[in-house]
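Worksheet for the structure shown next.
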2 protein chains.
Amino acid sequence: MNISTRFAVAIHILALLEIDKESKNTSEWIAGSVGTNPVVIRRITSMLGKAGLIKVRPGVAGAKLARSAEKITLLDIYLAVDAVGQDSLFAVHDHPSPDCPVGRNIAGAIIPVFALAQHAMEDVLGQVTLAQIASQIPV
Amino acid sequence: MNISTRFAVAIHILALLEIDKESKNTSEWIAGSVGTNPVVIRRITSMLGKAGLIKVRPGVAGAKLARSAEKITLLDIYLAVDAVGQDSLFAVHDHPSPDCPVGRNIAGAIIPVFALAQHAMEDVLGQVTLAQIASQIPV
DNA sequence: GTAAAGGTAACTATGATAGTTACAACTAAT
DNA sequence: ATTAGTTGTAACTATCATAGTTACCTTTAC
């Protein structure tokens, strides 16, 4: 079980926008770099646009970062594309028995730990900027 | 996208074995507490047994912890049930273009960050023991 | 030998993902 | 104003993991 490539593709798209400011960066062009279908790209750029990370307009070719790459973290991207729902990285079974002490209390015991673990992961993402990723890509 | 309930159910099973040492703890009994089918339980106890966390024997009712609950962390359980493959919490798209600088280098730029993030999450799990979980369940 | 239990294969239903086609809506250029 | 190019999005498909279920073999205890 893993987090959708949607997240990795979103990072790819934004890195491309940061680095290749000359090209038109249409969904078709981006799709070529990512190696997928333009609709997949448009689905993701639509989410990135709604989250305010990029500026896209219907009918007009290309997309642009809405703010500088230093001010976009991987966590921003992760949240934008809904990579993992809030506190839902770990699923918990739905119907433990209310007649058993363990069944009654297990969710309460593990959910806080799951939340801590998820937040630890997200904190790492929050400390890495798009600029840092882009800086590792030679022009 | 989230991590299978298999992990939460495994914790539930082990907590039950720790707390309810009197009952026979057959797969059917455990299934009642978890609220699922006995085969689902047997699938998981089989994995826990192969990982050396519990002792189970074909034909003989019940399962027992193979070592004390203080010495079993949630990370041990997570690894036992293969909740997430090694360094595979985050998926990366397969076919970026080798003709594009971003396509060529994006995987190398993000995979180390993904690994750090996953490890941060796993570290939290490694710091919580089964005994701590069990202690939160009133008898 | 028999009853009770675990181990496991096989099948189904469900849900998320990713790819694809199709088309409406929009913009810019002429 | 028309047209070409582009985005936005719905709809459909294929694939995969999960979880539930039935069935049956094997093993153990008595």
Side-chain angles (χ1 to χ4, degrees), chain A residues 1-10 12-13 17 23-32 34-51 53-64 78 80-85 88-96, chain B residues 1-10 12-13 17 23-51 53-64 66 78 80-85 88-96:
Chain A
M1 181 48 73
N2 51 29
I3 292 168
S4 156
T5 59
R6 195 164 63 238
F7 180 35
V9 170
H12 185 144
I13 293 170
L17 295 184
S23 305
K24 277 206 303 178
N25 287 317
T26 64
S27 61
E28 190 144 6
W29 168 259
I30 298 171
V34 172
T36 184
N37 189 288
V39 174
V40 174
I41 301 301
R42 294 205 286 269
R43 276 205 278 252
I44 295 172
T45 52
S46 173
M47 299 181 92
L48 295 172
K50 280 169 184 156
L53 298 184
I54 62 176
K55 291 193 188 304
V56 268
R57 282 162 46 204
V60 61
K64 288 200 163 67
Y78 163 101
V81 300
D82 203 24
V84 174
S88 69
L89 176 60
F90 297 89
V92 179
H93 47 301
D94 281 334
H95 309 296
Chain B
M1 187 40 85
N2 50 28
I3 292 169
S4 156
T5 59
R6 196 162 64 237
F7 180 35
V9 171
H12 185 143
I13 293 171
L17 296 183
S23 305
K24 277 206 305 177
N25 286 317
T26 65
S27 60
E28 191 144 2
W29 169 258
I30 298 172
S33 172
V34 172
T36 184
N37 189 289
V39 174
V40 173
I41 300 301
R42 294 205 287 269
R43 276 204 279 254
I44 295 172
T45 53
S46 173
M47 299 181 91
L48 295 172
K50 280 169 185 157
L53 298 185
I54 62 175
K55 292 193 187 307
V56 268
R57 283 161 45 204
V60 63
K64 288 202 163 66
Y78 164 99
V81 300
D82 202 23
V84 173
S88 69
L89 176 59
F90 298 89
V92 179
H93 47 301
D94 282 333
H95 309 296

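What you see below is based on every heavy atom in this structure, not just the backbone, and it leaves out hydrogens, waters and symmetry mates. All of these numbers come straight from a predicted model, not from anything done at the bench.
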| task | With rounding to the nearest 0.5 Å, note down the distance linking CE in A:Met47 to CG in A:Leu53. | result |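 Going from CE on A:Met47 over to CG on A:Leu53, the span is 11.5 Å.
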
| message | Just verifying a value: how many Å separate A:Asp94 CG and B:Thr5 OG1, rounded to the nearest 0.5 Å? | response |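 Separation between the atoms: 8.5 Å.
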
| message | Parallel, tilted or perpendicular, judged at 30° and 60°: which one describes the rings of B:Tyr78 and B:Phe7? | response |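 It falls in the perpendicular class, over 60°.
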
| message | What's the closest nucleotide to the side chain of B:Lys24 if the choices are C:dA4, D:dT6, C:dG7? | response |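 For the B:Lys24 side chain, the nearest candidate turns out to be C:dA4.
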
| field | For A:Ala10, side chain to side chain contact (heavy atoms under 4.5 Å, CB included) partners two or more places apart | value |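 A:Ile44, A:Leu48, A:Ile77, A:Val81.
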
| field | nucleotides 12-20 of chain D: protein proximity per nucleotide (B base, S sugar-phosphate only, - neither; heavy atom, under 4.0 Å) | value | ------SSB

| remark: With B for base contact, S for sugar-phosphate-only contact and - for none (protein heavy atoms under 4.0 Å), nucleotides 22-30 of chain C reads B---BSS--

Measure [atom1]/[X] against [atom2]/[N] and give the value in whole Å, please.
X       : N     : atom1 : atom2 : result
B:Lys64 : C:dG6 : NZ    : P     : 12 Å
A:Glu28 : D:dG5 : CD    : C1'   : 10 Å
A:Leu48 : D:dT9 : CG    : P     : 13 Å
A:Met47 : D:dT9 : CE    : P     : 11 Å

| So do A:Ile41 and A:Val9 actually touch side chain to side chain, heavy atoms under 4.5 Å? | yes

| request: Could I get the full list of side chain to side chain donor-acceptor pair (under 3.5 Å) partners for A:Thr45, not counting sequence neighbours? | output: none

| task | Go through the structure and list residues passing side chain to side chain donor-acceptor pair (under 3.5 Å) with B:Ser23, not counting sequence neighbours. | result | B:Asp20

| said: Considering only residues two or more places apart or on different chains, which pairs with a residue in residues 30-43 of chain B satisfy side-chain hydrogen bond (donor to acceptor under 3.5 Å, both in side chains)? | reply: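 For residues 30-43 of chain B, and leaving out neighbouring residues, the side-chain hydrogen bond (donor to acceptor under 3.5 Å, both in side chains) pairs sorted by first residue read B:His12-B:Ser33, B:Ser27-B:Arg42.
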
| Any B:Ser46 side-chain nitrogen or oxygen under 4.0 Å from OP1 or OP2 of C:dG7 |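 So the side-chain polar atoms of B:Ser46 never come under 4.0 Å of the phosphate oxygens OP1 or OP2 of C:dG7.
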
